[in-house]
Protein chains: 2
Amino acid sequence: MSTAADAIAQALGVLLQRRFRSGLYASLTDGVHDAVDAAAYPVLSGVARLGPVSAAALGTQIGLDRSVVSRRAAALVTAGLLTTTADPDDARATLLSLTSEGRRVVKALRMRLVAAIDAHLADWPEGQRRDFARLFAKFVEPGTL
Amino acid sequence: MSTAADAIAQALGVLLQRRFRSGLYASLTDGVHDAVDAAAYPVLSGVARLGPVSAAALGTQIGLDRSVVSRRAAALVTAGLLTTTADPDDARATLLSLTSEGRRVVKALRMRLVAAIDAHLADWPEGQRRDFARLFAKFVEPGTL
DNA sequence: TATTGTTATACTCTATAACTATA
DNA sequence: TATAGTTATAGAGTATAACAATA
């Protein structure tokens, strides 16, 4: 019977609402680039985070089937945000990388997200900001849940 | 240029991954009741939280269109977890309430979620648990984001 | 035999639109 | 007029299955 767990459960419920996720991603991606929307976001930022990566490996990391990654990536390649190179170690695989335009878009998205969070925490005392950032990062570490 | 916002942005990205949401809700609802899955969860817990409530009002609160709430609620009524009563103040509206079976299921789901969070925080110092719960609740308060 | 990328297909969830009844 | 609930329809996003190529 934990009051902390109760409060966390409730807060988690808010974040996991579809409205929160799609609303946040839609506002982040709106107007940044024609080919980037809430669905393309995880693929694009995944490639940014994981460097040259195959569709199968990226899918495993971001929780999408390789077929979905393949289709999204193809659209981002057409749009000039991703590029493909042959994997020198495995002729079956194709590695996905950001183009310079892709890097520009990822950077813009990242800045928007950080700016939105900064604005949201504008009136928080610095100590609380720091504490929350540290504890939130710890909370999402792999493990239970 | 905020280190805190950077860390929060990254943690948020983890929580908003589809895998996290569907995985959590699937594990919570698995085996609890045939009619309850990840899609029914928000409707059922919404009725639990908001008491007798109309489909339109519930939809507004949980971020779903009333048509979706209507369909999900109908299934939950058929399954014996929800019951409908006429709104004495508005003959257009139908109020959704939990049946005793619905209360049992909601209680079980709630216990599972709290238990999962408690287990996840098992090795956290009590002070950190309390701090995180408080700051996390504050973070999800309506506003920017 | 297993895995990669790709494509066609089906499934799940949701929003939109249209309808009737009531405010 | 506006809003409630309902239903049919369409849309978005994803997973599954099957294929050829490579491991």
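Reminder, nothing fancy here: chain letters follow the sequence lines and each chain counts from 1.
Between its two ends, the helix from C:dT1-D:dA23 to C:dA23-D:dT1 turns its axis by 10°, counting five pairs per end and rounding to 10 degrees.
Here the shortest heavy-atom pairing between B:Ala5 and A:Asp118 reads CB-OD1, 3.5 Å. Across B:Ser70 and B:Ala55, no two heavy atoms sit closer than the pair N-CB, 4.5 Å.
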Across nucleotides 14-23 of chain C, 5' to 3', mark each nucleotide with B, S or - according to how protein heavy atoms within less than 4.0 Å reach it. BBB-B---BS
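Remark: P of C:dC13 and CG of B:Leu76 are 12 Å apart, rounded to the nearest angstrom. Between the P atom of C:dG5 and the CG atom of A:Leu96 lies a distance of 8 Å, rounded to the nearest Å.
Counting only distance, with no hydrogens or angles, the side chain of A:Arg129 and the backbone of B:Ala4 share no donor-acceptor pair below 3.5 Å.
Salt bridge status for B:Arg92 with B:Asp87: absent, with no side-chain N to carboxylate O gap under 4.0 Å.
Between B:His33 and B:Glu101, some side-chain heavy-atom pair lies under the 4.5 Å cut-off. Considering only heavy atoms from C-beta on, A:Trp124 comes within 4.5 Å of B:Leu135 through its side chain.
Phosphate proximity of D:dG5 to B:Thr94: absent, as no side-chain N or O sits under 4.0 Å from OP1 or OP2. Side-chain N/O atoms of A:Ser70 include none lying less than 4.0 angstrom from OP1 or OP2 on C:dG5.
In the hydrophobic clustering of ILVMFWY residues, with side-chain heavy atoms under 4.5 Å counting as a link, B:Leu16 and A:Met111 come out apart.
With sequence neighbours excluded, no residue forms a side-chain hydrogen bond (donor to acceptor under 3.5 Å, both in side chains) with A:Glu141. With sequence neighbours excluded, the residues that form a side-chain contact (heavy atoms from CB on, under 4.5 Å) with A:Pro88 are A:Leu95.
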Only distances under 3.5 Å count here; give the side-chain donor-acceptor pairs of residues 22-31 of chain A to other protein atoms, sequence neighbours excluded, each with its distance to 0.1 Å.
{"residue": "A:Ser22", "atom": "OG", "partner": "A:Arg18", "partner atom": "O", "Å": "2.7"}
{"residue": "A:Ser27", "atom": "OG", "partner": "A:Gly23", "partner atom": "O", "Å": "3.4"}
{"residue": "A:Ser27", "atom": "OG", "partner": "A:Leu24", "partner atom": "O", "Å": "2.8"}
{"residue": "A:Thr29", "atom": "OG1", "partner": "A:Tyr25", "partner atom": "O", "Å": "2.8"}
{"residue": "A:Thr29", "atom": "OG1", "partner": "A:Ala26", "partner atom": "O", "Å": "3.4"}

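Within a heavy-atom distance below 4.0 Å of DNA chain C, the residues of residues 45-56 of chain A found are A:Ser54, A:Ala55, A:Ala56.
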